[in-house]
Amino acid sequence: MADSSYLARLMSDNTQPPAEGSHSTEEDLIAVRREKLAKLRELGVDPFGAKFTPTTTPGKLKADFSDGVKTTIAGRVYAIRDMGKSVFFTIGDVEGRIQGYLNQKGISETDWLVWKNVDLGDWVGIAGETFTTGKGEPSVKVESLTFLSKALRPMPDKWHGVHDRETKYRKRHLDLMGNQDSADIFIARSRMLAEIRSFLHSRDYLEVETPMLQDVAGGAAARPFKTHHNALNMPLTLRIAPELYLKRLLVGGFTKVFELNRNFRNEGISRRHNPEFTMLEAYQAYGDFEQMAEMVEEMVCHLAEKFCGTLKIEHKDENDEVIRTIDLSRPWKRANYHDLVKGVAGDDFFDITPEARRAKCDELGVQISDGMEDYEVVQQVFEKKVEEHTFNPCFVTRVPSELVPLAKVTPGGKTVEVYELIINGQEISPGYSELNDPDVQRQRLEHQAGGEEEQLVDYEFIETLEHGMPPAGGIGIGIDRLVMMLLGAPTIRDVILFPQLKRK
RNA sequence: GCGCAGGUAGCUCAGCGGUAGAGCAGUUGGCUUUUAACCAAUUGGUCCUGGGUUCGAAUCCCAGUCUGCGUACCA
C-alpha cells in the first residue's frame with residue numbers, strides 16, 4: 001500500500017507537462033501504455049492481476065437491470081467519456097456491455113489514481129451500486145476498482161472496429177473486441193451447436209468420437225491431408241469423413257450415434273470451402289433416408305425458430321438491404337433429380353445421345369471438361385443450373401447411383417435411396433438409406449477406386465460389414481453452411497473463427 | 001491456375017503526376033449525468049515490396065506479395 005506522501009507525489013506527477021516524445025506511432029502508443037503499467041506497479045497494483053469474483057456479468061446486469069442494487073462485475077473498458085471529476089465508461093465483454101460511472105469523491109484516492117492509468121482495452125473489476133442516469137442509461141456507480149489486466153496495444157477504432165477482411169481473419173481477437181456483430185455470430189454458432197446436440201440427445205442419440213487420424217481416408221470423395229506418425233513410422237491421413245467408423249459402431253451394436261466435429265479436405269478454398277470444416281453425421285439403425293429427411297427438416301426449423309425467431313430468413317447485403325429471403329416453412333419441397341435437370345435442360349435431355357447432351361451443355365453455358373463421364377455431365381448441369389439457383393429448401397431424390405456409392409440402390413437399379421438437401425444455393429445435407437450389403441459395397445468401392453487416382457478401398461470396413469450392419473438411415477449436415485444460411489453470412493470465413501489463410 | 005478489385009497514421013478512410021490529409025485512438029489543458037460526450041491545442045507516415053517512366057510518383061508502367069470477389073480444379 002502506498003502512503004499518503006507517496007500518493008501526493010504521484011498525483012503531482014500527473015500534473016507535469018507532457019512527457020517528451022509522446023507521439024502516436026504504434027511504438028509510442030505502446031510506450032505510453034507501458035508507462036502507465038509502471039505507474040500501476042508504483043501504486044502497488046499488479047497490472048496483470050489475479051482471480052476476481054464478480055457477482056454477475058455486464059450483459060446479465062444490463063438485461064435484468066434495476067436501480068439500487070449492489071453489484072460486482074468485470075470486463076474490458078471499451079470507451080471512456082471523461083468529464084474531469086467524473087467519468088463515464090463502457091465495460092463489458094462479447095456477451096454484453098454496461099456503463100460505469102465514477103466520481104473522484106466516490107472512490108478512494110488510490111482507486112482514482114489507478115483509474116488515471118486505465119486505457120481503452122484494459123480489463124478491470126468494479127464494485128458499486130446500480131443507478132440510471134438522467135438520459136436513462138443503466139449504470140454502475142463505482143465504489144471500488146480492481147485492476148485486472150493491462151492492454152499494451154491499442155484497441156481498434158471504437159466506432160468502426162476492424163473492417164479490413166484480412167485483419168478480421170488473421171487477428172480475430174481484434175475483430176471480436178471491435179465488432180459486436182462479428183462476436184454475435186460466434187456466440188450464435190456456439191449456441192446452435194449446443195442446441196443440435198441437445199436435439200439429438202433428446203432423441204436418444206449418443207455422441208461419439210471416431211479417429212481423425214486415419215490409415216485410409218474414406219467415407220467421401222476428396223483428397224486428404226497426409227501426415228506421418230513417428231513412433232509407428234507410418235503415413236496417416238486426416239479424415240475426410242467419419243462415416244465408415246460410425247458404421248462400424250452400428251455393426252458393433254450402437255443404434256443411434258452422431259459425431260459433430262471437424263473434417264479435413266485438401267481442396268480449394270473459397271467462399272464456401274475451408275480446408276477444415278465442421279460436419280454433423282448421424283446414423284439411426286432400422287431407419288431410412290426419408291426418416292432422416294424428416295429429422296433434418298425438424299432440426300433446421302427448430303434452430304431457425306429458436307435463433308432467428310422466424311422461418312423466413314432474410315439475407316442482407318452490406319448496406320443492410322434485404323437481398324434474399326429463405327423460406328423454411330414446412331413441408332419442404334421434394335423433387336427428383338431427373339425432373340429438376342429436365343426442368344432446365346429440356347424434357348428430352350435424357351433421351352438424346354451423350355454427345356447431344358454435351359452440346360446442350362454448351363447451349364446452356366455449362367462448362368464441361370473432356371474427361372467427364374456422362375453422369376458427371378448431368379451433374380454439372382444439376383449443380384450450375386439447379387443447385388445454385390435453389391434457395392428455399394428442396395430435398396432432391398432419386399439421385400444417380402454413381403454419385404453415391406455408400407447408399408442403397410433403389411429396387412429399380414439406376415438411382416439410390418438418397419436425398420440431397422439444397423438450401424441457399426448449396427448442398428447443406430445429404431441423407432441416405434445406408435448400404436449394408438458387403439458384397440455390393442465392395443463392388444462399388446472398387447469400381448470407384450478404379451477411376452480415381454488417390455481413392456483407396458477400406459477393406460477392413462468391408463470386412464466389418466460382413467459381420468452385419470443393421471439397415472440404417474444416415475445424414476450429414478455441413479454445419480458451417482447451415483450457420484451461414486441461418487445467420488445470413490455471405491462467406492464461410494465469417495462463421496469460422498480462424499479460417500485458413502496463406503502464410504504472410 | 002486465370003481474371004478483376006484492393007493494400008496510405010494504431011484503427012476507419014480520403015487523396016490518384018506538383019509540400020502526405022481527415023475522423024477516431026494517443027498526448028496536454030478545461031469540464032461532476034455523459035454516451036460516436038464536448039471544447040481547445042498537439043503528436044504521429046518505408047503511402048505493401050522491388051524495379052522502371054518522369055524535372056518530379058502514394059498517384060503512371062512492369063514484376064512480386066498478401067487479401068477479397070469471380071472463374072477453373074475438386075464423385
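Order of the sequence lines sets the chain letters (A, B, ...), proteins ahead of strands, with each chain counted from 1. Owing to the predicted nature of the structure, the values given are computational and were not obtained by experimental measurement.
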Q. Do A:Arg271 side-chain atoms and A:Thr491 backbone N/O form a donor-acceptor pair below 3.5 Å?
A. no
Q. In B/S/- notation, 5' to 3', how is nucleotides 30-40 of chain B contacted by protein heavy atoms closer than 4.0 Å?
A. -BBBBBBB---
Q. In chain order, what residues pass the side-chain hydrogen bond (donor to acceptor under 3.5 Å, both in side chains) check against A:Asp157, with sequence neighbours excluded?
A.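 Expected list: A:His160.
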Q | Partner set under side-chain hydrogen bond (donor to acceptor under 3.5 Å, both in side chains) for A:Thr227, not counting sequence neighbours | A | none
Name each donor-acceptor pair under 3.5 Å that joins a side chain in residues 496-504 of chain A to protein atoms two or more places apart or in another chain, with its distance.
{"unit_1": "A:Lys504", "atom_1": "NZ", "unit_2": "A:Glu166", "atom_2": "OE2", "d": "3.0"}

Between [options], spot the one nearest the side chain of [X], thanks.
{"X": "A:Ser24", "options": "B:G44, B:C69, B:A75", "result": "B:G44"}
{"X": "A:Glu376", "options": "B:C73, B:A72, B:A75", "result": "B:A75"}
{"X": "A:Leu29", "options": "B:C74, B:A72, B:A25", "result": "B:A25"}

**Q.** Partner set under ring-ring contact (aromatic ring centres under 6.0 Å, His included) for A:His315, not counting sequence neighbours
**A.** none
Q: Mind checking ring-ring contact (aromatic ring centres under 6.0 Å, His included) for A:Phe289 and listing every partner two or more places apart, or none if nothing turns up?
A: none
Within the structure, does a side-chain N or O atom of [X] lie under 4.0 Å from either OP1 or OP2 of [N]?
{"X": "A:His163", "N": "B:C13", "result": "yes"}
{"X": "A:Lys36", "N": "B:U27", "result": "yes"}
{"X": "A:Arg153", "N": "B:A25", "result": "no"}

Q: Apply side chain to side chain contact (heavy atoms under 4.5 Å, CB included) to A:Arg358 and list each qualifying residue two or more places apart in sequence or on a separate chain.
A: A:Ile368, A:Met372, A:Val377
**Q.** side chain to side chain contact (heavy atoms under 4.5 Å, CB included) partners of A:His389, counting only residues at least two apart
**A.**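 Side chain to side chain contact (heavy atoms under 4.5 Å, CB included) list for A:His389, sorted by chain: empty.
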(Q) My understanding is that a pair needs two contacts under 3.5 Å, Watson-Crick or G-U wobble. By that rule, which nucleotide pairs with B:G6? (A) B:C66
Q. Distance under 6.0 Å and angle within 45° of the ring axis: does A:Arg189 meet both against A:Phe186?
A.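 Pair A:Arg189/A:Phe186 does not count as cation-pi.
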Touch check for [X], heavy atoms < 4.0 angstrom, all strands: base, sugar-phosphate only, or nothing?
{"X": "A:Lys384", "value": "sugar-phosphate"}
{"X": "A:Arg493", "value": "sugar-phosphate"}
{"X": "A:Thr167", "value": "nothing"}
{"X": "A:Arg170", "value": "sugar-phosphate"}
{"X": "A:Leu120", "value": "sugar-phosphate"}
{"X": "A:Gly161", "value": "sugar-phosphate"}

Q.
Considering only residues two or more places apart or on different chains, which pairs with a residue in residues 128-144 of chain A satisfy salt bridge (Lys or Arg N to Asp or Glu O under 4.0 Å)?
A.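 Those involving residues 128-144 of chain A are A:Lys62-A:Glu137, A:Lys70-A:Glu129, A:Lys70-A:Glu143.
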Q: Among residues two or more places apart or on two chains, list those pairs meeting salt bridge (Lys or Arg N to Asp or Glu O under 4.0 Å) that have a residue in residues 420-436 of chain A.
A: A:Lys247-A:Glu434
Q. Among residues 263-275 of chain A, which contact RNA chain B at a heavy-atom distance under 4.0 Å?
A. A:Glu267, A:Arg271
**Q.** RNA chain B-proximal residues of residues 494-504 of chain A, any heavy atom under 4.0 Å
**A.** A:Leu501, A:Lys502, A:Arg503, A:Lys504
Q.
From CD of A:Glu27 over to P of B:G26, roughly how many Å is that when rounded to an integer?
A.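 Taking atom P of B:G26 as the reference, CD of A:Glu27 is at 19 Å.
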